[in-house]
Asker: 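Before anything else, here's the structure in question.
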Amino acid sequence: MILASLVVIFVLVGLLFSFQHRGATEDLRMRGVSLVRVLAGMPYEQLVPDSAAQGALGVLRASQENTDFAYALVTDAKGQVLAETTAPGFVIPQSLVLEDLSNWQGERTLSPPGYDRELIEFYAPIIGANDSLANLRLGFFSPVYGPTLQQLPFFATLALVVFMLTPLFYVMLRREIQPLRDANREISQLMSDGQFGVVQIHASRELGDFMQRFNQFIELAKGRISALEAEQAALQTSTKLLTYRRERIQTVLQALPDAVMVLDESGEITFANRKLEVLLGVSAEDIMNKPTLTWCQDPAVSCFLSQYNTAAASKAFDDSTVRFNLSRAPERKLAMKAYPLFSPREAGEIYGNLVVLRDVSREAQAEQGRTNFVAHLAHELKTPLHTLALYSELLLGPDGKNKSVRVDACNVIHDEVERLSALVSNMLNITKMEAGSLSLDRQRVRLRDLLEDVFNHISKSSKAGELEFELSLPRELSAVSVDKDVLRIALNNLLSNAIKYSEPGGKVMFSATETDDAIEIRVTDTGLGIAVEDQERIFEKFYRSDDEDVRNRGGHGLGLPLAKDIIELHQGQLSVESTPGEGAEFIIILYKEAGLVQQAI
Ligand code: ADP
């Protein structure tokens with residue numbers, strides 16, 4: 001406040017000085033002009049007296065005591081001083097005297113050498129002696145700029161007034177700007193609260209109008225912001241909905257068991273699921289929106305996809321399935337098919353295509369297996385039929401009358417019919433099993449009785465020959481839930497093999513043991529045994545050892561696969577242990593109910 005007061009005082013004093021200086025200069029000018037006019041109108045003799053009498057100039061100097069008077073001169077046309085008078089102590093510099101003046105009345109500002117103050121000179125032409133032209137010149141010091149002692153009381157009074165008025169102004173100013181400060185505080189508060197509200201202040205008229213308009217503006221902005229927020233919320237909701245729908249579709253496509261690619265109208269790949277990476281070895285990122293040739297190593301795939309490269313081609317609906325072997329894994333076969341994506345709104349309009357790739361290696365293998373199976377079967381059926389035809393012809397011919405030939409022929413025909421019957425029944429059972437139509441009729445069976453019955457039946461059959469048989473069963477065996485007729489087929493096949501692949505004098509053993517959760521049945525013989533490389537393959541259909549001894553004993557390679565299928569259908573296991581030349585042991589494990597639960601866990 002003191003500083004403000006001082007500033008005000010200095011400004012006022014400065015203004016006063018300037019005003020005072022201007023007034024004093026004006027006064028001097030008026031005085032100088034009127035004096036020069038009056039003196040110029042006086043007779044020459046009075047200005048430049050002949051005698052030593054005091055001229056008008058002397059009178060003038062005397063009358064100008066205590067003023068800014070500097071000098072009065074009368075000079076001729078050449079600048080020679082004709083009469084002069086000066087303020088005490090002032091010496092007119094010669095350079096000023098000799099200066100040429102115009103022949104007209106005027107004034108000029110001079111800076112006399114050796115003096116701080118400037119001079120204002122007033123001059124006018126006069127008629128001198130002998131009608132010659134002379135000049136009258138009056139010089140005055142220009143007014144001093146600054147305070148004088150006389151002015152001090154005035155300035156003191158002024159300062160006092162200013163010091164008294166400044167607090168008043170300050171209070172009034174504060175009162176006027178108080179609403180602005182309030183508004184500032186309220187706006188800061190609203191900003192820190194993160195709100196957008198009306199500023200409540202009481203202000204004078206102009207400021208009140210301004211605040212009212214400011215509040216109206218805030219209301220307008222609030223309305224606009226709420227509208228924008230509503231729009232943003234709606235936008236976010238629809239974005240979320242779209243994202244949710246897109247993700248749902250992608251999840252469905254990812255969950256498909258087959259590999260899929262989505263092509264747009266121009267044939268560009270816009271989506272590919274993870275299965276594609278498994279099949280083709282390329283990730284979705286590798287192929288999306290990229291030309292097929294840059295990532296595809298399979299000519300069949302690139303050729304297939306190139307059909308959809310143009311917008312026109314994508315509208316063509318090719319429903320054929322392309323099958324090909326993978327170049328990076330030739331043993332795998334894939335099937336590829338495209339499905340057009342029709343627009344739900346415009347009939348006939350196609351958005352693109354859905355390309356589905358499926359691994360059909362197993363199906364191809366199964367198909368190949370079926371073909372081989374039929375070929376094998378035809379071969380296996382043909383051989384005994386051929387033998388039967390030969391012997392029936394023999395019986396019909398003249399040799400048929402020979403008794404021993406007839407007996408031999410009947411024995412061969414009987415054996416072949418048995419083999420044929422075994423083949424047909426094995427084949428039928430296998431076919432049923434593969435078709436899934438062999439349903440088990442499981443019942444709780446006294447397994448000991450079943451095993452004894454199968455063993456007795458086969459050990460007394462004609463096949464038994466000169467072999468030793470041994471049955472080793474515990475006194476009690478828990479009842480298990482099996483289909484006894486079907487299980488009998490498997491047991492029969494194993495026991496028949498044990499007899500078939502044994503040498504005369506050999507031994508066939510049939511035993512069973514029981515643990516807490518399973519029953520283990522062993523069919524053991526001391527026959528040919530099975531080579532290690534054959535042990536892995538004897539459960540394949542139609543597989544027979546190349547061993548000559550084995551080949552001599554006839555067979556079709558269906559007995560073991562059927563037995564294994566049957567045991568596995570009962571959730572059991574069939575395995576083999578053998579030392580070639582010493583015999584073979586086939587082990588069946590049938591789980592009891594507790595064991596089955598254990599296995600499931
Ligand atoms: P098949 O006996 O009609 O040839 P199988 O499927 O029953 O057909 O047997 C497959 C092959 O397993 C036989 O060809 C034989 O090589 C071998 N094999 C099966 N059982 C025995 C066994 N007890 N001793 C030696 N080899 C056997």
Side-chain angles (χ1 to χ4, degrees), residues 369 372-373 375-384 387 415-434 454-455 458-459 461-471 486-511 521-569 573-588:
N372 292 348
F373 183 77
H376 249 104
L377 208 61
H379 176 74
E380 294 297 327
L381 287 170
K382 230 170 111 187
T383 314
T387 314
D415 283 353
E416 287 303 321
V417 168
E418 262 206 348
R419 280 182 58 195
L420 208 54
S421 148
L423 170 67
V424 170
S425 86
N426 277 345
M427 186 204 77
L428 271 177
N429 286 325
I430 281 189
T431 316
K432 269 192 199 165
M433 206 159 299
E434 285 186 349
V454 173
F455 179 76
I458 206 147
S459 60
S461 72
S462 58
K463 294 183 214 165
E466 302 143 14
L467 293 174
E468 189 188 335
F469 287 90
E470 186 183 305
L471 177 68
V486 176
L487 188 62
R488 186 187 287 271
I489 298 172
L491 295 170
N492 258 330
N493 283 355
L494 295 177
L495 278 167
S496 305
N497 279 350
I499 294 168
K500 183 161 69 176
Y501 297 109
S502 287
E503 300 288 4
K507 189 174 177 185
V508 174
M509 287 155 282
F510 195 46
S511 63
I521 303 163
R522 288 172 184 263
V523 180
T524 318
D525 65 67
T526 53
L528 302 177
I530 305 164
V532 180
E533 64 274 16
D534 289 337
Q535 288 177 22
E536 292 167 11
R537 302 200 56 194
I538 51 177
F539 296 103
E540 291 173 19
K541 281 198 288 283
F542 296 112
Y543 183 80
R544 302 204 70 217
S545 165
D546 282 338
D547 190 288
E548 210 185 323
D549 281 342
V550 173
R551 290 278 162 177
N552 285 340
R553 289 162 208 246
H556 311 287
L558 290 177
L560 283 184
L562 179 61
K564 191 169 172 73
D565 283 351
I566 288 171
I567 302 299
E568 283 175 359
L569 214 58
Q573 288 169 7
L574 174 62
S575 57
V576 66
E577 286 171 10
S578 171
T579 309
E582 290 182 14
E585 182 169 63
F586 286 85
I587 305 135
I588 297 172

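Note that ligands are numbered from 1 as they come in the structure, with each ligand's atoms numbered from 1 the same way. If you read the sequence from its start, that first residue is 1, and numbering goes on from there.
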Asker: Which residue owns the protein heavy atom closest to atom 13 (C) of ligand 1, what's the atom, and how far is it?
Answerer: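 In this structure, atom 13 (C) of ligand 1 has Tyr501 OH, 3.3 Å as its nearest protein heavy atom.
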Asker: Answer yes or no for Asn493: is there a heavy-atom contact with ligand 1 below 4.0 Å?
Answerer: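 Contact check Asn493 vs ligand 1: negative.
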Asker: Please name the pair of heavy atoms, one in Leu467 and one in Gly505, separated by the smallest distance, quoted to 0.1 Å.
Answerer: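 That would be CD2-N, 4.1 Å.
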Asker: Show the nearest heavy-atom pair for residues Ile567 and Leu574, with the distance to one decimal.
Answerer: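 So the minimum-distance heavy-atom pair works out to CG2-N, 4.2 Å.
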Asker: So, taking the atom named CD in Glu577 and the one named CD1 in Ile587, what distance separates them when rounded to the nearest 0.5 Å?
Answerer: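 The CD atom of Glu577 sits 3.5 Å away from the CD1 atom of Ile587.
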Asker: Any idea which heavy atoms bring Arg544 and Val550 closest together, and the distance?
Answerer: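 Nearest pair, atom of Arg544 first, then Val550: NH2-O, 3.4 Å.
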Asker: For atom 20 (N) of ligand 1, which of the options Val523, Asn497, Asp546 provides the nearest non-hydrogen atom?
Answerer: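 The residue whose heavy atom sits nearest atom 20 (N) of ligand 1 is Asn497.
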Asker: Among all protein heavy atoms in this structure, tell me which lies nearest to atom 4 (O) of ligand 1, with the distance rounded to 0.1 Å.
Answerer: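 Protein heavy atom with the smallest distance to atom 4 (O) of ligand 1: Arg544 NE, 2.5 Å.
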Asker: Applying a strict 4.0 Å limit to heavy atoms, is Gly527 in contact with ligand 1?
Answerer: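 Outside the 4.0 Å threshold, so no.
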Asker: By salt bridge (Lys or Arg N to Asp or Glu O under 4.0 Å), which residues pair with Arg488, not counting sequence neighbours?
Answerer: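 Residues passing salt bridge (Lys or Arg N to Asp or Glu O under 4.0 Å) with Arg488: Asp453.
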Asker: Between Glu533 and Arg537, does any side-chain N to carboxylate O distance fall below 4.0 Å?
Answerer: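 No, no charged N to carboxylate O under 4.0 Å.
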Asker: Could you tell me, atom by atom, which parts of ligand 1 come under 4.0 Å of a heavy atom of Leu558?
Answerer: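 Counting atoms of ligand 1 from 1, those under 4.0 Å from Leu558 are 6 (O), 8 (O).
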Asker: To check your reading of the model: name the closest protein heavy atom to atom 26 (N) of ligand 1, its residue, and the distance in Å.
Answerer: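 Result for atom 26 (N) of ligand 1: Ile530 CG1, 3.3 Å.
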Asker: Report the part of His556 (side chain from C-beta onward, or backbone N, CA, C, O) that has a heavy atom under 4.0 Å from ligand 1; answer both or neither where that applies.
Answerer: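 For His556, the contact with ligand 1 is made by the backbone alone.
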Asker: How far apart are the closest heavy atoms of Arg553 and Lys500, and which atoms are they?
Answerer: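 In terms of heavy atoms, the two residues are closest at NH1-O, 3.0 Å.
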Asker: Examine Gly557 against ligand 1 and note whether any of their N/O atoms are separated by less than 3.5 Å.
Answerer: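 Yes - when backbone and side-chain N and O of Gly557 are compared with those of ligand 1, one distance drops under 3.5 Å.
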Asker: Below 4.0 angstrom from a heavy atom of Val550, which ligand 1 atoms are there? Numbered from 1 as shown, please.
Answerer: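 Contacts of ligand 1 toward Val550, numbered from 1: 14 (O), 15 (C), 16 (O).
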Asker: May I ask you to list the atoms of ligand 1 that are less than 4.0 angstrom from any heavy atom of Gly559?
Answerer: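 In order of number, 5 (P), 6 (O), 7 (O).
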Asker: Note the single closest protein heavy atom to atom 16 (O) of ligand 1, along with its residue, its atom name and the distance in Å.
Answerer: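 In this structure, atom 16 (O) of ligand 1 has Ser545 CB, 3.2 Å as its nearest protein heavy atom.
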Asker: Going by heavy atoms, is Pro561 under 4.0 Å from ligand 1?
Answerer: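 Under 4.0 Å: yes for Pro561.
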Asker: What are the two closest non-hydrogen atoms of Pro580 and Ala531, and how far apart are they?
Answerer: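 Scanning both residues, the minimum pair turns out to be CG-CA, 3.8 Å.
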Asker: Does ligand 1 have an atom that lies less than 4.0 angstrom from a heavy atom of Asp534?
Answerer: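 It does not; every heavy atom stays at 4.0 Å or beyond.
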Asker: What's the separation between atom CZ in Arg419 and atom NE2 in His556, rounded to the nearest 0.5 Å?
Answerer: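 Between atom CZ of Arg419 and atom NE2 of His556 there are 5.0 Å.
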Asker: Against ligand 1, does Lys500 come closer than 4.0 Å with any heavy atom?
Answerer: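 Distance cut 4.0 Å: Lys500 passes for ligand 1.
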Asker: Please report the shortest heavy-atom distance between Asp547 and Asp549, naming the atom on each side.
Answerer: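 Where Asp547 meets Asp549 most closely, the heavy atoms are OD1-N, 2.8 Å.
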Asker: Less than 4.0 Å is my threshold; does some heavy atom of Tyr543 fall inside it relative to ligand 1?
Answerer: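 Under 4.0 Å: yes for Tyr543.
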Asker: Mind checking what makes side-chain contact (heavy atoms from CB on, under 4.5 Å) contact with Asn493, not counting sequence neighbours?
Answerer: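 For Asn493 the side-chain contact (heavy atoms from CB on, under 4.5 Å) partners, ignoring immediate neighbours, are Asn426, Ile489, Leu562.
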Asker: Please walk me through it: do Phe455 and Val523 pass side-chain contact (heavy atoms from CB on, under 4.5 Å)?
Answerer: CA-CA 10 Å; Phe455 179 76; Val523 180; over 6 Å; no
Asker: Could you establish whether Leu528 and ligand 1 come within less than 4.0 Å of each other, counting only heavy atoms on the residue side?
Answerer: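 Outside the 4.0 Å threshold, so no.
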Asker: May I ask which of Val508, Asp525, Ile538 has a heavy atom nearer to atom 17 (C) of ligand 1 than the others do?
Answerer: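 Looking at heavy atoms only, the winner is Ile538.
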Asker: For atom 5 (P) of ligand 1, grab the closest protein heavy atom and report residue, atom and distance to one decimal in Å.
Answerer: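 Ranked first by proximity to atom 5 (P) of ligand 1 is Leu560 N, 3.6 Å.
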